Every structure is written in structure tokens, then in C-alpha cells.
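What follows is a single structure, written as C-alpha cells, with notes after it.
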Number of protein chains: 2
Amino acid sequence: MPVAPASPSNNPLIRRLDNYARLSAEDRAAVQRLCAEKVQRFAAKDDVIREGEEPRVIRLVVDGWACRYKHLEDGRRQVVGLFLPGDLCDLNVFVLREMDHFVGAITALTLAQITRDAFEEATLAHPRLLQSLWWDSLVTMAIQREWLLNLGSRTAFERITHLLCEIFLRLRAAGRARGQSCEFPLTQAIIADIAGLSTVHVSRTFQAIRDERLVEIRNRVMTIPDIDALMAASLFNPNYLHLSHEGRHLDANDAPGDVAPTV
Amino acid sequence: MPVAPASPSNNPLIRRLDNYARLSAEDRAAVQRLCAEKVQRFAAKDDVIREGEEPRVIRLVVDGWACRYKHLEDGRRQVVGLFLPGDLCDLNVFVLREMDHFVGAITALTLAQITRDAFEEATLAHPRLLQSLWWDSLVTMAIQREWLLNLGSRTAFERITHLLCEIFLRLRAAGRARGQSCEFPLTQAIIADIAGLSTVHVSRTFQAIRDERLVEIRNRVMTIPDIDALMAASLFNPNYLHLSHEGRHLDANDAPGDVAPTV
DNA sequence: CGGTGACTTTAACCTATGTTGCGCGGTGGG
DNA sequence: CCCACCGCGCAACATAGGTTAAAGTCACCG
């Protein structure tokens, strides 16, 4: 994976915010500065922040995957959110006194810590940026709602295919997909905790998915030969990702890696 | 239910925001003005806003119950959020171009519409109010996460008792409970759509709840004889409601209707 | 090169929850 | 006053998904 030099659009956060509104060069530079502010690294499976702790900074995923999770007294565990590169933890968390959930690294993880002051300074100077960040925050809420629909109403097969579909589209929006493929470091155990299933049943379900040749996962890389078929199988309605500005359509293959759009 | 005269603390939104930070008399007056701005009424089961429509205003529940819901192509329906009196739809919704879900009235409903301009004017003049509204918004997200835990990891019995517990505590925080009782207009069908269960199983589960004498529902009034027992049965951890400021504790019976606190 | 641990697969069996369908009682409209 | 409808309860049966346990695969490591 060759990393292009100083082009801002390699920054997955900028790529994502661009889905909402074109940022100016200054806006982009401001994001870059925020991302570089104070970098923090975690090993896979480490906790970034624990339930009960006081939130002090906004965190931004520069690289790697993480998740929010909760558990019940008796140990049952539920993943309630997924952070992909370019994702942002809640704006304004400072307002709360205490975390009500954990954030844990799934893979090796690089985070940027953004202080309240740096954030306020940046958004004051770049109102368009602030708008984009609100958009991001509302999309996060929309994803949570879609996950509720997933857990409450979809079958195991639909839940997992829906999840795979969402991950692919989110990564593509962050400039992290190439063609029909993207990185995929999730184990079946984590998928079980996301989908509210047992690991055994996740395994069973993956066989069915393989049988229908909807998805192929090998060496931590996921390939989706026919995204429309996958979307149909999972009853996937992309509206909740709110990516459709400029008349863009998700089923158009409009993000072919790092190639510039033809428009 | 006698309505006391002009006391601002009858406003459920003010009551709720007071859980986060004491508002000044001016802040309260500003909230009152927002609530009175433009009132809109709906009959039970009407839709307030539909998927695909453009969000233009912030809405505030003055009276009645409503819910957010989504559905799948084949008709399966999932309620993904509950609005109780004093609840607020998402700040900043304007940023999105299109609703990804429905909002529907459960009971007869009175809403206040707050325009973007009125909102900005009020929060500019009352920064403490803005903070409280962010707190509210973060609590809404926290509730969504807890619901994910509910659907993904709890049994039917736990899901329903947890829901009842949450409703009671939220109503109490809005000054809408009296002693161990509160209004309760939900049918078993709606509870089924919230909990991701069939109506038949909701009915079965309510029998078990009745057998254990955890909750009594009669004439649209719910009574919880022993909230600690109910919390234990549902593995309820109140931290996600973020009500605990000032060392307040939820298990203290600290909101006995409209009586002033003893402190 | 063999060992250890993390992940996945498989099989047998179990149970929570879904489905269908019917009956009952209250309530509101004509 | 009666009918229709809605919300609820109940029973019989069907099934998706959970549980337990054992074995297979692979990658890394000493």
C-alpha cells in the first residue's frame, strides 16, 4: 500500500468529511493539524478508555480499528459501535462526567487526541469544518439506529451481511477501499459481539454467505464481488450513511481507490 | 392531574435539563419561550415526519409520547427511540438532507417547532443552556447504546423490565412520576417493536413479570412497587442516563412528584 | 521443528422465541 | 344497542439460534 506524499486527501477524516461538503484548502489544513496534535498508540485489545472514567479529550482514529462496547454484570458483552480509520469519538463528550461504556482497540491503533481548546479554536476559525463535524456526529447516531434495526429485526444472515456491507461502504467513503476489496481484521468472535450472536452461529452463517458467494474473506482482506447482490441479501438501504450529496449514488462505483474522479 | 400555574419547573424539558446543571431564571425563561414558539398537534399513530423528508426544524415534545421507527422492505418494523414529554429531537438535524427514519405519535401529541434561527438566538444568549442541550443530546446517544445492549444481549424478560425501568426513571427525571407510579400508554404491540419480540412473546413475558410482582400496569398507569428489585431483575445500570450530578443517587427516592426536595 | 495459543469448524442436543389461529372483553361509533 | 375493532390472553406447534465440547488449521516462537 504505497502512501502518496503530502496530499491531504490521504487523510481518511478529510476524505469522509468531503462526502458531506467540499472543504477548502485551509479547512483541510486545519484538520491535518488537529490530527497531528498529540498522537497516541495502542496494541490490539487494549482499552482506550474505560467505563467510569472521565472523558477529557476528543479522539480521532488515525489508523487501525476500534470499538465501543458495554457489558452486563454476568459477562455478556455487546459491541455498540465500530470506529474505522477517520472516525471521531463524540464531540462534546466533556459535558458528561463519566463514560458509560468502554472503547477498545481491535487492531493496533493510532489515535489523535484533540483538546477542547484546540477543537474550539479550529472550529471557530473554520465554520464549514464545524458543520462537517456535526454531519459526522449525526451520521454516527444514524448508524446506531440502523444497528438497532439490525439487532431487533434482521436474521443472523441479514445482520452479518448488512454489517459487511456497511463496513465496506464506510471504508470506501474514507478512501480505504480498492475496487471491490478492503481490509478486514475482524474475528468471528467480534462479529458475534456486534451482531448479538454466538460465535458458533457466526461460523455457521459465514458458510451460508460463502455458499452464496456474496463475500470472500482471506488474509484479512474482504472482497465483495457484487455489492448490489450483497445489499439485496441484507436488505441494505444506504440512506442512513447520508453519503448521497451531489447526486452521488452509492451503487455507482465511484471511489476506485486513489484515482481521481472523472468529473 | 392538576396543572400548577406559571411555575417554570412544570416544564418537563426544564426539569430534565436541571438534572444536568441548574439553569438561571433567564435560561428557564428562554426555554419557555422556545417551547411556546410554534405549537403543533398530532393524533395518536400519526406520523410527525417521514423517511425521505427534509428536516427543517428542531422539535420538542411538550406533551404526549412519540417514537422513532424504521422498517425493512418486507414490513418488519423496529422502534429505535422513544420520545417522552420534554424530549428533544436531534439538534442540528438541518445538516442532513433527508430523514432516514420516521417519527410517529404514540399518543395524542403536542410538539413545539423551533426554527434554526430561534435556536441559535437562544443558545447564543444562553451558553449554559446550550451546554445543557448538548448534555441532552449525548444522553440520547447513550440511551441508543443501551438499547443496543438490550437487543443484542438481554433476554426477553430482561429487555422488557429494563425498558419499564428506563421509562420510569426518565419520566421521573422530567417531573412526570408521582411516587412509584407514572403514566404508561404503551401497548404490547409497541413494546414488541421496541424490544424486537413478537406480541405473543411480550404477552407471555408480561405474565412472568406479573408473577414476580415487579410491575403493575392498570388503566395506562404503571406502578413499580420496588424499583431496586426491578433494576436487579433487568440488570439495570443507571449510569447511561447520566443523572447523577450533585452526588444525587437514583435509588434515593428524590423526586416525589411536585413536592420540593427536602434539601 | 515441535509447541502453544488464537481462531474456526463441526456435531449433537437444547431452548427461547416465533407463528398461526382462536377466543374474550372492553370501548367507541353509528 | 349492537357491531366492529382493538388490545390482550392462550394453546399447539415450528424453528432460529444457543450451548457444549472436541477437533482442525494456522501463525508465530523458542
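All values derive from a computational prediction rather than experimental measurement. The figures that follow rest on heavy atoms only: side chains count, while hydrogens, waters and symmetry mates do not. We name chains A, B, ... by the order of the sequence lines, and we start the count at 1 in each one.
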Under the ring pair (Phe, Tyr, Trp, His ring centres under 6.0 Å) test, which residues partner B:F83, sequence neighbours left out?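 Checked B:F83 against ring pair (Phe, Tyr, Trp, His ring centres under 6.0 Å); zero matches.
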Using nucleotides 15-18 of chain C, report all nitrogen or oxygen pairs with the protein that are shorter than 3.5 Å.
| unit_1 | atom_1 | unit_2 | atom_2 | d |
| --- | --- | --- | --- | --- |
| C:dT17 | OP1 | B:A156 | N | 3.1 |
| C:dT17 | OP2 | B:H201 | NE2 | 3.4 |
| C:dG18 | OP1 | B:G196 | O | 3.4 |
| C:dG18 | OP1 | B:S198 | N | 3.3 |
| C:dG18 | OP2 | B:S198 | N | 3.0 |
| C:dG18 | OP2 | B:S198 | OG | 3.1 |
| C:dG18 | N7 | B:R204 | NH2 | 2.7 |
| C:dG18 | O6 | B:R204 | NH1 | 3.4 |
| C:dG18 | O6 | B:R204 | NH2 | 3.4 |

Please write out the pairs of protein N or O atoms and N or O atoms of nucleotides 5-7 of chain D separated by less than 3.5 Å, giving the distance to one decimal.
| unit_1 | atom_1 | unit_2 | atom_2 | d |
| --- | --- | --- | --- | --- |
| D:dG7 | OP1 | B:K45 | NZ | 3.4 |

Between the side chains of A:R176 and A:E183, is the shortest nitrogen-to-carboxylate-oxygen separation below 4.0 Å, so that they form an ion pair? yes
Are B:R68 and B:E51 ion-paired here, with the side-chain N under 4.0 Å from a carboxylate O?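 A salt bridge is absent here (no side-chain N lies under 4.0 Å from a carboxylate O).
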Which residues satisfy the salt bridge (Lys or Arg N to Asp or Glu O under 4.0 Å) test with B:R170, sequence neighbours excluded? B:D87, B:E166
Mind checking what makes side-chain hydrogen bond (donor to acceptor under 3.5 Å, both in side chains) contact with [X], not counting sequence neighbours?
| X | answer |
| --- | --- |
| A:E53 | none |
| B:T223 | B:S181 |
| B:R50 | B:D47 |

Scan residues 207-214 of chain A against DNA chain C and write down, sorted by residue number, each residue with any heavy atom closer than 4.0 Å; if none is found, say none.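 Per residue number, the list reads A:Q207, A:R210.
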Let me test you: for the helix from C:dC1-D:dG30 to C:dG30-D:dC1, what is the angle between the axes at its two ends (five pairs each), rounded to 10 degrees?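 That helix has its two terminal axes inclined by roughly 40°.
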Kindly state each residue pair satisfying ring-ring contact (aromatic ring centres under 6.0 Å, His included) with at least one member in residues 146-179 of chain A, sequence neighbours excluded. A:H162-A:F236, A:H162-A:Y240
Polar pairs (N or O, both sides) under 3.5 Å between protein and nucleotides 22-30 of chain D?
none

Can I get a per-line list of side-chain donor-acceptor pairs under 3.5 Å for residues 192-199 of chain A, giving both atom names and the distance, sequence neighbours left out?
| unit_1 | atom_1 | unit_2 | atom_2 | d |
| --- | --- | --- | --- | --- |
| A:D193 | OD2 | A:R77 | NE | 2.7 |
| A:S198 | OG | A:H201 | N | 3.2 |

